[in-house]
Amino acid sequence: MIESDKQTALISVQPTALTKVGAKSLVARGRADLRNNEEAEEWLNKGLLFYNGGGINETNSEVRKKRYEDPFACFERGIQLNSNHPELQFWLGVSFCHGAADRRDYAQAATWWRKAAEQGLPSAQNDLGYLYASGRGVIQDYIQAAFWYRKAAEQGYARAENNLGDAYLGWGGQGVTHDNTLAAFWWRKAAEQGFAIAQDSLGFAYSAGLGVTKDYVQAAHWYCKAAEQGLAEAEYRLGNAYRDGQGVMQDYVQAALWYNKAAWQGHADATAALRGM
């Protein structure tokens, strides 16, 4: 073979060889990523089991402490395997925000919730909004709070829908324009998903005529929905409805029953109302 032929042969063979090596490398990397993702999921599930108290008898302070330390370690291990996993990012943020006091770090919670929020996870968007509203871990910013609440609310996340309703009622000039109609609109969305706080707020809106036509029957309806879930404020308000015959037949026995339920949860106004009866 003459020299020019040798060079031509090399040119045709070398790219093929490199392509095969590259393809094998990509396949191996893909398999490693898949294994890491699967293992990260396992650590997420293990962490959630610990966080929810699975298999833990919280009889002493050391065991209670482990309830926060163990899931933190699991979520952290999972993040090491897949740093872009939004649920692991979210739960690591939860661990920093609500975990053991010696690990509590709102700035870190904000960092991890932002990572998950930017990937579209509604729970992280809502909780990042909460940090902005409260000024924990970030500079207080109601505009940013409303921005992230809306992101989550538009995905149908009930807690964010409720928070956005609260924003429209109480944050006039701070992030959103005060608007009772929009407050009731977002409360209704959350209430219809069974979110007790929103049900109570919607009941209050009907009772006071905030953003909706005043309707005591509807008010009692939503108070009852929330009270049946054990929300003390709704139990108290339902007691008022029975005492005054607003939206329901006047019934002092029922009033006392609901006052009593709220009082047992430490609701001071319900305790006073019960004594007054």
Side-chain angles (χ1 to χ4, degrees), residues 44 47 51 68 71-72 75-76 78-79 82-202 204-205 208 210-212 226 231 233:
L44 170 65
Y51 191 86
Y68 294 107
F72 186 93
F75 300 143
E76 205 167 37
I79 281 289
N82 183 355
S83 61
N84 291 320
H85 194 299
E87 289 188 50
L88 279 165
Q89 292 168 340
F90 170 69
W91 282 105
L92 194 54
V94 170
S95 296
F96 276 116
C97 188
H98 303 298
D102 59 341
R103 289 185 181 272
R104 199 162 297 165
D105 188 327
Y106 294 121
Q108 280 290 330
T111 296
W112 288 107
W113 281 344
R114 186 182 305 280
K115 287 177 183 289
E118 288 174 348
Q119 293 194 66
L121 190 69
S123 54
Q125 292 169 337
N126 175 75
D127 287 8
L128 183 58
Y130 159 76
L131 290 183
Y132 273 113
S134 61
R136 291 182 171 181
V138 292
I139 296 172
Q140 190 173 48
D141 187 331
Y142 288 111
I143 293 175
Q144 281 292 307
F147 171 82
W148 288 110
Y149 284 154
R150 189 180 303 279
K151 286 279 190 185
E154 287 173 349
Q155 295 190 65
Y157 191 69
R159 187 176 294 275
E161 291 169 340
N162 176 73
N163 289 340
L164 193 54
D166 288 350
Y168 276 112
L169 181 73
W171 293 359
Q174 294 178 311
V176 293
T177 302
H178 177 87
D179 191 320
N180 291 339
T181 302
L182 282 174
F185 171 82
W186 287 109
W187 285 336
R188 184 183 304 280
K189 282 188 170 290
E192 288 174 348
Q193 292 190 66
F195 194 71
I197 297 172
Q199 291 171 336
D200 177 64
S201 295
L202 185 58
F204 174 73
L210 289 172
V212 292
L231 187 70
E233 182 65 18

Q | Pairwise side-chain contact, D200 with L202, heavy-atom cut-off 4.5 Å (strictly under) | A | no

Q.
Distance alone, cut at 3.5 Å: any donor-acceptor contact between the side chains of W148 and D127?
A. no

**Q.** Whether over 12 other heavy atoms sit under 6.0 Å from R114 CZ
**A.** yes

Q) Going from OG on S201 to CG on L231, what distance comes out if it is rounded to the nearest 0.5 angstrom? A) 8.5 Å

Q. Can you check whether L44 reaches F75 side chain to side chain, under 4.5 Å on heavy atoms?
A. yes

**Q.** Distance, nearest 0.5 Å, that separates CG of L128 from OH of Y149
**A.** 9.5 Å

(Q) With a 4.5 Å cut-off on side-chain heavy atoms, are K189 and L164 touching? (A) no

Q: For W187 and D166, run side chain to side chain contact (heavy atoms under 4.5 Å, CB included): C-alpha distance rounded to whole Å, both residues' side-chain angles, the deciding distance at 0.1 Å, then the answer.
A: CA-CA 8 Å; W187 285 336; D166 288 350; 3.0 Å; yes

Q) Any side-chain heavy atom of V94 within less than 4.5 Å of one from W113? A) yes

(Q) Once rounded to the nearest 0.5 Å, what's the spacing between atom CD of E161 and atom CD of E154? (A) 10.0 Å

Q) Between I79 and H85, what is the shortest heavy-atom contact and its length? A) CD1-O, 4.4 Å

Q: To the nearest 0.5 Å, tell me how far C97 SG sits from W91 CH2.
A: 11.5 Å

Q | Contact check, side chains of Y130 and R136, non-hydrogen atoms, under 4.5 Å | A | yes

Q) Quick check: does any side chain N or O of Q140 sit under 3.5 Å from a backbone N or O of A133, one acting as donor and the other as acceptor? A) yes

Q.
Quick check for you: to the nearest 0.5 Å, what is the distance between F204 atom CZ and L210 atom CG?
A. 5.5 Å

Q. Would you call the rings of F96 and F72 parallel, tilted or perpendicular if under 30° counts as parallel and over 60° as perpendicular?
A. perpendicular

Q. CG/N162 to CD/Q199 distance, rounded to the nearest 0.5 angstrom?
A. 10.0 Å

Q. Would you find a donor on one side and an acceptor on the other, under 3.5 Å apart, between the side chain of Q155 and the backbone of G120?
A. yes

Q | Which residues share a ring-ring contact (aromatic ring centres under 6.0 Å, His included) with F185, sequence neighbours left out | A | none

